[in-house]
Amino acid sequence: QVQVVESGGGLVQAGGSLRLSCAASGRTGSTYTMAWFRQAPGKEREFVATISRSGLTTLYADSVKDRFTISRDNAKNTVYLQMNSLKPEDSAVYYCAARSVARPLVVTTTAEYDYWGQGTQVTVSS
């Protein structure tokens, strides 16, 4: 089993920055592709960014491209999401997810992730 815990959410003003962290524990050797998703009230959970186990392959949703950066530190079993130039539309609960298989390298579908964190709230005020 793999446990995933997100942290770093909070309240920020539009244009501000925030860094989310996702700490994995347990059988982390079986953790490969990881991703961030987000869900706003009344909306479906949507893909934000994903990263391969090596950290060399990444993919971003168009809505966050050039503003968000996903990275990982495998020595610390941690994945990060650096969010810059935040907009009110970015407000949501952000979830970290992990897959237990290596391929494909990037996955954007919620159903294909095996482990999920509890979520961390991000609120961007205008």
Side-chain angles (χ1 to χ4, degrees):
Q1 293 290 332
V2 174
Q3 292 76 47
V4 179
V5 179
E6 306 97 333
S7 63
L11 174 64
V12 298
Q13 293 185 335
S17 298
L18 202 62
R19 188 176 79 157
L20 305 183
S21 297
C22 172
S25 61
R27 295 181 59 84
T28 55
S30 63
T31 300
Y32 295 94
T33 298
M34 298 189 69
W36 288 94
F37 291 80
R38 66 186 182 186
Q39 186 169 21
K43 296 185 178 181
E44 295 184 352
R45 191 167 300 184
E46 67 175 354
F47 167 76
V48 176
T50 185
I51 186 168
S52 64
R53 193 172 192 274
S54 70
L56 299 178
T57 304
T58 59
L59 182 67
Y60 299 89
D62 289 341
S63 60
V64 305
K65 184 180 179 181
D66 299 324
R67 297 190 299 120
F68 291 10
T69 302
I70 188 171
S71 61
R72 68 191 299 166
D73 184 344
N74 289 339
K76 296 182 178 180
N77 296 316
T78 302
V79 174
Y80 305 95
L81 184 67
Q82 178 65 48
M83 305 184 292
N84 298 325
S85 301
L86 283 164
K87 306 174 181 179
E89 305 91 89
D90 296 318
S91 296
V93 176
Y94 283 70
Y95 297 91
C96 181
R99 279 174 57 82
S100 61
V101 295
R103 294 183 293 275
L105 295 179
V106 292
V107 179
T108 62
T109 304
T110 301
E112 296 192 62
Y113 283 85
D114 305 298
Y115 309 106
W116 291 84
Q118 82 290 343
T120 185
Q121 177 70 50
V122 173
T123 302
V124 184
S125 64
S126 59

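On a predicted model such as this, the values are computed, not experimentally measured, just so you know.
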- Task: Could you tell me which residues satisfy side chain to side chain donor-acceptor pair (under 3.5 Å) with Glu46, sequence neighbours excluded, listed by chain and number?
- Result: Arg38

- Could you give the distance from CZ (Arg99) to CG (Asp114), rounded to the nearest 0.5 Å? 6.5 Å

- Only one of Asp66, Ile51, Thr69 passes side-chain contact (heavy atoms from CB on, under 4.5 Å) with Tyr60; say which it is. Thr69

- Message: Working note: Val122 + Met83, criterion side-chain contact (heavy atoms from CB on, under 4.5 Å); need CA distance, chi angles, decisive distance, verdict.
- Response: CA-CA 10 Å; Val122 173; Met83 305 184 292; 3.9 Å; yes

- Would one find more than 12 heavy atoms of other residues, nucleotides or ligands at under 6.0 Å from atom CD of Gln1? no

- Message: So, taking the atom named CG in Leu18 and the one named CG in Asp90, what distance separates them when rounded to the nearest 0.5 Å?
- Response: 10.5 Å

- Is the shortest heavy-atom distance from the side chain of Ser17 to the side chain of Val12 under 4.5 Å? no

- Message: Test: ring pair (Phe, Tyr, Trp, His ring centres under 6.0 Å). Region: residues 88-126. Which pairs qualify, not counting sequence neighbours?
- Response: Phe37-Tyr113, Phe37-Trp116

- Item | N/O donor-acceptor pair under 3.5 Å between Arg72 side chain and Ser52 backbone | yes

- Reported OG-to-CZ distance for the pair Ser85 and Phe68, which is rounded to 0.5 angstrom: 9.0 Å

- Distance-minimising heavy-atom pair for Met34 and Cys96: CE-SG, 3.7 Å

Using distance only, find each side-chain donor-acceptor pair of residues 103-112 under 3.5 Å and give its atom names and separation, not counting sequence neighbours.
none

- Message: I need the Lys87 NZ to Ser126 OG distance, nearest 0.5 Å.
- Response: 14.0 Å

- Ser91 side chain to Val124 backbone, donor-acceptor under 3.5 Å: yes

- Treat each ILVMFWY residue as a node, draw an edge where side-chain heavy atoms are under 4.5 Å apart, and state whether Ile70 and Leu20 are in one component. yes

- Task: State, yes or no, whether a side-chain contact exists between Thr50 and Thr33 at a heavy-atom distance under 4.5 Å.
- Result: yes

- Message: Is the shortest side-chain heavy-atom distance between Trp36 and Glu6 below 4.5 Å?
- Response: yes

